[in-house]
Amino acid sequence: MKSFDRPAKIFENEEALRDEWQPNELLERENELNAYHSALSPVIRGAPPKNIFLYGKTGVGKTVATELLLEQLESDADRFDDLDVSSVTLQCNSLNSSYQVATHLVNELRPSDRPISTTGYPQQTVFNFLWDELERIGGIVIIVLDEIDNIGTDDDILYELPRARANGYVENVKLGVVGISNDFEFRDNLSPKVKDTLCDDEIEFSPYNANELQTILNQRAKFAFQPDVLTCDTIPLCAAFAAQDTGSARQAIRLLYKAGEVALERGDERVNEHYVREAEAILRRKQIERGMRNLTTHGHVVLSAVTIMEMQNNTPARTREIYPEYQRMAKAIDLDPLVERRIRDHLRELSLCSVLELKEHNDGYREGSYFEYQLNTSTNTVINVLMDIDRLMPIVSPIKSKYG
DNA sequence: GATCCACAGGAAATAGTGGCTT
DNA sequence: AAGCCACTATTTCCTGTGGATC
């Protein structure tokens, strides 16, 4: 067993690079913070809060801005006896209906020893639970729905919440909704009645550019690294990678963190640009591997089919070429093959999580546009991941022994 | 120029699962 | 246990597209 050594000192306080680290100020977002601040300010006067809609990609400061401002607001409100302000935040990450948002909100508000089940009740019952809980809290309650775009077009909850008081469902509580969305189009797809009520104030968070990312990274690096550990091109390169890809501060910070770890592993005392490039490749591969592991069985079989076609140099391949290969493999492991339409969806999902690379063609022979798929990583990486899945053994191990 | 082909993907229907109330 | 309720994954049916074909 390798011992836990303590070689070169690189990190001073690496916690500052973790996702859960909460900075006590938000850099490069003055305009957004000002707008947000004034949208919340009616609350301190005891007025019903406005409904606020934030949108922008992940990692551009929406959630941090909300945490900082609400913390400030609640502590400022404490100074006034006639003000009773509280807030609830719900991550709507994997909640794709109003019903689920409602049940999870109820559970967020209830004492944790008597949660309700997230299925089984009629929708109206769940809403009634929700009104009861909110009424119990009273005062002004700000409800933050993070990543609310996951609920798609089922937006009942966004209609009911802002109107609960007007409709007489609650009396003693004033509700404000803060909706946070990663998806710019989400707002357009809301039903008109929701758009009216929910979108009093809209604040857009744009992606960070490379300069802004550098400012942010510099500030984190001051806490995180020993002095003079970073070479002068390290932070600019991290910033450039992240700015090019998503403009996300989270991505930039993860990259910097990883680069530090790679340097540490090599026993180097400085973090230079080579480690950044290496870290970038590692993170990209990790993301793809994660995508591959989180598939359903059918997804795995589709991936296996593309893999074997790639090894036979038959890629890029289109759906109709992949489908027979998929059918053959599914039967080989005693799985009822799905219809072709469904395979289209699976292939689409695989390219969305960057496991497959997709090429669009508009120059088709006797047809309109169509797609071709191929692997986005080396066949070895894919096979290694697929080998870990027991069910796939009968189809993957022959591939491995034949070509590996 | 109308019609056809083969594809992508939307929409609605269906199957199967599991929790709820009565 | 019966009758609801909602969810996920899937199937079935259908529309739109853009070049090829007649």
Side-chain angles (χ1 to χ4, degrees), chain A residues 90-107 110 112-133 147-160 183 185-186 188-191 291-306 309 314-327 329-331 333-353 355-374 389 391-392:
Chain A
L90 184 66
Q91 273 295 333
C92 306
N93 233 330
S94 52
L95 312 177
N96 43 22
S97 66
S98 279
Y99 182 90
Q100 288 186 333
V101 171
T103 54
H104 283 81
L105 258 182
V106 171
N107 284 338
R110 282 202 171 196
S112 51
D113 57 327
R114 48 184 192 99
I116 63 168
S117 159
T118 54
T119 56
Y121 298 108
Q123 174 152 311
Q124 201 49 55
T125 311
V126 177
F127 278 128
N128 287 334
F129 286 148
L130 184 55
W131 308 140
D132 289 347
E133 292 305 319
E147 304 193 29
I148 187 63
D149 42 324
N150 279 299
I151 67 168
T153 52
D154 171 16
D155 52 16
D156 289 355
I157 183 104
L158 294 180
Y159 178 70
E160 298 289 342
D183 179 2
E185 283 167 26
F186 177 63
D188 300 333
N189 296 335
L190 290 173
S191 56
M292 287 195 278
R293 285 180 205 283
N294 293 334
L295 297 170
T296 61
T297 308
H298 286 291
H300 283 133
V301 178
V302 173
L303 180 56
S304 309
V306 178
M309 294 180 76
N314 288 332
T315 53
R318 50 205 294 178
T319 314
R320 70 150 172 246
E321 295 160 350
I322 296 169
Y323 187 60
E325 190 63 46
Y326 155 80
Q327 280 184 306
M329 290 184 148
K331 284 174 192 151
I333 60 168
D334 213 14
L335 192 68
D336 287 339
L338 303 175
V339 294
E340 190 172 323
R341 171 73 185 81
R342 189 71 192 115
I343 299 312
R344 233 188 279 292
D345 285 341
H346 276 295
L347 286 167
R348 190 81 175 146
E349 277 167 39
L350 284 166
S351 42
L352 273 181
C353 60
V355 172
L356 295 183
E357 189 185 326
L358 163 156
K359 267 195 233 163
E360 185 166 7
H361 290 260
N362 288 310
D363 50 15
Y365 173 71
R366 289 172 72 85
E367 64 224 88
S369 65
Y370 64 93
F371 294 123
E372 284 187 327
Y373 301 89
Q374 68 186 69
I389 299 157
R391 180 99 199 243
L392 298 176

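Reminder, nothing fancy here: chain letters follow the sequence lines and each chain counts from 1.
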Taking [atom1] from [X] and [atom2] from [N], how many angstroms apart are they, rounded to a whole number?
X: Y370(A); N: dC5(B); atom1: OH; atom2: P; answer: 19 Å
X: Y373(A); N: dG9(B); atom1: OH; atom2: C1'; answer: 10 Å
X: F371(A); N: dG18(C); atom1: CZ; atom2: C1'; answer: 14 Å

Do the side chain of [X] and the main chain of [Y] share a donor and acceptor less than 3.5 angstrom apart?
X: E133(A); Y: L130(A); answer: no
X: D154(A); Y: I151(A); answer: no
X: H300(A); Y: M292(A); answer: yes
X: T315(A); Y: M309(A); answer: no
X: D155(A); Y: S98(A); answer: no

message: Is the ring pair Y326(A)/H298(A) parallel, tilted or perpendicular, if the boundaries are 30 and 60 degrees?
response: tilted
Restricting both atoms to N or O, compile the protein contacts to nucleotides 14-17 of chain B shorter than 3.5 Å, with distance only.
none

message: Across nucleotides 4-15 of chain C, 5' to 3', mark each nucleotide with B, S or - according to how protein heavy atoms within less than 4.0 Å reach it.
response: -SSSS-SBB---
message: Between the side chains of D345(A) and R342(A), is the shortest nitrogen-to-carboxylate-oxygen separation below 4.0 Å, so that they form an ion pair?
response: yes
query: Side chains of Q123(A) and D156(A): do they bring a donor and an acceptor to under 3.5 Å?
result: yes
task: Could you check whether T125(A) gets within reach of a base, just the sugar-phosphate, or nothing at all, counting any heavy atom under 4.0 Å?
output: nothing
